[in-house]
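To keep things clear, I will list the structure first and then write my remarks on it.
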Amino acid sequence: MDWDNLRYFLELSRSGTLAAAARRAGVEHTTVARRIQALEKQMGAALFAREAGGHRLTEAGRQLLPAVEAMETAVLGVERAVPDASGGPTGVVRVGATEGFGTLILAPHLAQFTQKHSGLTIDLLALPRMLHLSRREADIVISLERPTRGSVIVTKLTDYTLHLYGQREYLARRPLIRTRDDLRHHAFVSYVDDLLFTKELQFLDALHPPERFAFRSTSITAQYEAVRAGAGLAVLPAFLADRDPELARVLPEEANFTRTFWMSMPGEAKHQARMQAVWEFLKTGFTY
């Protein structure tokens with residue numbers, strides 16, 4: 001029996017769609033479809049039920065799954081025993097992260113990492129929303145909330161700080177800020193409340209409930225640009241704002257916050273060489 005057919009069977013059973021399975025395997029979706037058809041012909045039974053939302057295992061598919069998972073474990077054991085046989089990790093790994101952290105911190109490091117591993121492709125999803133492992137939106141997710149459900153591996157990646165910032169020219173022409181109460185004289189830049197994807201990004205009510213928002217956006221990059229343009233004050237990540245000489249911290253002793261990034265991946269992926277390589281690099285490969 002062709003192991004490649006079985007490997008694509010596993011990917012489709014885990015991802016639920018041809019497109020996601022193809023991405024995880026690093027092939028075209030037509031290749032996955034063709035392999036599944038060949039396996040079903042060989043087995044003499046339909047292994048998946050085709051539905052509007054994707055592919056669901058049939059009873060025959062569910063019966064086959066444990067045996068194929070055992071084969072995968074054996075194959076991965078051989079690969080680990082001969083780590084250099086394949087010349088390094090290969091395939092596609094999709095990493096999901098928040099917009100600012102993904103763009104400014106992860107992107108340059110992951111780009112350098114791929115130069116050392118020519119067989120590896122990194123898809124970086126740097127988005128202003130929560131990404132879900134359960135929906136197979138990404139292979140590795142870096143989030144502000146620690147996952148508590150499902151069979152996932154979770155580790156603390158790093159803490160980061162946020163502070164209140166304003167453009168220096170804006171601060172020079174507006175009322176001086178000595179206390180939190182002085183913030184009532186200022187406009188603010190922030191997230192769109194009903195589109196805020198995590199409570200971990202709620203800051204301003206704890207600092208001083210704004211009387212007026214000048215600008216709101218789902219994008220932290222857009223907020224940063226609005227502050228640079230002099231629209232008002234905003235709580236921004238230090239890794240984004242501290243590099244800009246046009247911005248200054250406001251109430252530095254009081255207006256500071258600490259948040260944590262958590263990294264997670266599906267439990268069944270922990271033995272995959274490409275996942276291990278990216279996971280270990282993100283965890284210990286550089287300083288945040």
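Below, each value reflects all heavy atoms present in this structure, side chains not excepted, and no hydrogens, waters or symmetry copies.
- Although no hydrogens or angles enter the test, the distance criterion places no donor-acceptor pair under 3.5 Å between the side chain of Gln167 and the main chain of Leu247.
- Judged by distance alone, the side chain of Arg168 and the main-chain N or O of Gly166 form no donor-acceptor pair under 3.5 Å.
- Thr218 approaches Val192 most closely through the heavy-atom pair N-CG2, 4.1 Å.
- Salt bridge status for Arg35 with Asp4: present, with a side-chain N to carboxylate O gap under 4.0 Å.
- A heavy-atom distance below 4.5 Å is not found between the side chains of Val235 and Tyr165.
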Q: Apply the test salt bridge (Lys or Arg N to Asp or Glu O under 4.0 Å) to residues Glu200 and Arg259: give CA-CA distance (whole Å), side-chain angles for both, the deciding distance (0.1 Å), then the verdict.
A: CA-CA 7 Å; Glu200 296 297 326; Arg259 293 294 185 266; 3.4 Å; yes

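- Taking both residues in full, the closest heavy atoms of Leu204 and Pro210 are given as CD1-CG, 3.7 Å, listed atom of the first, atom of the second, then distance.
- For CZ of Arg178, the number of neighbouring non-hydrogen atoms (other residues, nucleotides, ligands) closer than 6.0 Å is 12 at most.
- What you find for Leu39 and Leu6 is that their closest heavy atoms are CD1-CD2, 3.8 Å.
- When ring centroids are compared, Tyr288 and Tyr160 stay outside the 6.0 Å threshold.
- The existence of a salt bridge linking Arg249 and Asp242 is confirmed by a sub-4.0 Å separation between a basic side-chain nitrogen and an acidic carboxylate oxygen.
- With respect to the salt-bridge test (charged N to carboxylate O, under 4.0 angstrom), the residues Asp2 and Arg7 do not qualify.
- Taking the side chain as every heavy atom from C-beta outward, Lys199 and Glu145 approach each other to under 4.5 Å.
- A salt bridge links Glu246 and Arg228; the closest N-O separation between the charged side-chain nitrogens and carboxylate oxygens is under 4.0 Å.
- Distance alone, capped at 3.5 Å, places no donor-acceptor pair between the Thr31 side chain and the Val27 backbone.
- A donor-acceptor pair under 3.5 Å is formed between the side chain of Arg274 and the backbone N or O of Val92.
- Between Leu144 and Phe261, some side-chain heavy-atom pair lies under the 4.5 Å cut-off.
- For Phe113 and His109, the distance between ring centers is not under 6.0 angstrom.
- Counting only heavy atoms from C-beta outward, the side chains of Leu282 and Leu106 approach each other to under 4.5 Å.
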Q. Could you go step by step and tell me if Gln63 and Glu59 meet the side chain to side chain donor-acceptor pair (under 3.5 Å) rule?
A. CA-CA 6 Å; Gln63 291 180 5; Glu59 180 59 30; 3.3 Å; yes

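- A salt bridge is defined here as a Lys NZ or Arg NE, NH1 or NH2 lying under 4.0 Å from an Asp or Glu carboxylate O, and Arg34 with Glu28 fails to meet this definition.
- With contacts defined as side-chain heavy-atom distances shorter than 4.5 Å, the pair Ile177/Leu171 qualifies.
- Counted by atom type alone, Thr260 and Asp159 present one or more donor-acceptor pairs between their side chains at under 3.5 Å.
- Listed here is the closest heavy atom pair of Ile220 and Gly100: CG2-N, 3.7 Å.
- A pairwise comparison of heavy atoms in Val227 and Leu233 identifies CG2-C, 4.5 Å as the closest pair.
- A salt bridge does not link Glu280 to Lys283: none of the charged side-chain nitrogens sits closer than 4.0 Å to a carboxylate oxygen.
- In this structure a side-chain-to-backbone donor-acceptor pair under 3.5 Å is missing from Asn256 to His163.
- The shortest non-hydrogen separation linking Ser15 to Ala21 is OG-N, 3.2 Å.
- Looking only at side-chain heavy atoms (C-beta outward), Glu99 and Thr221 come within less than 4.5 Å of each other.
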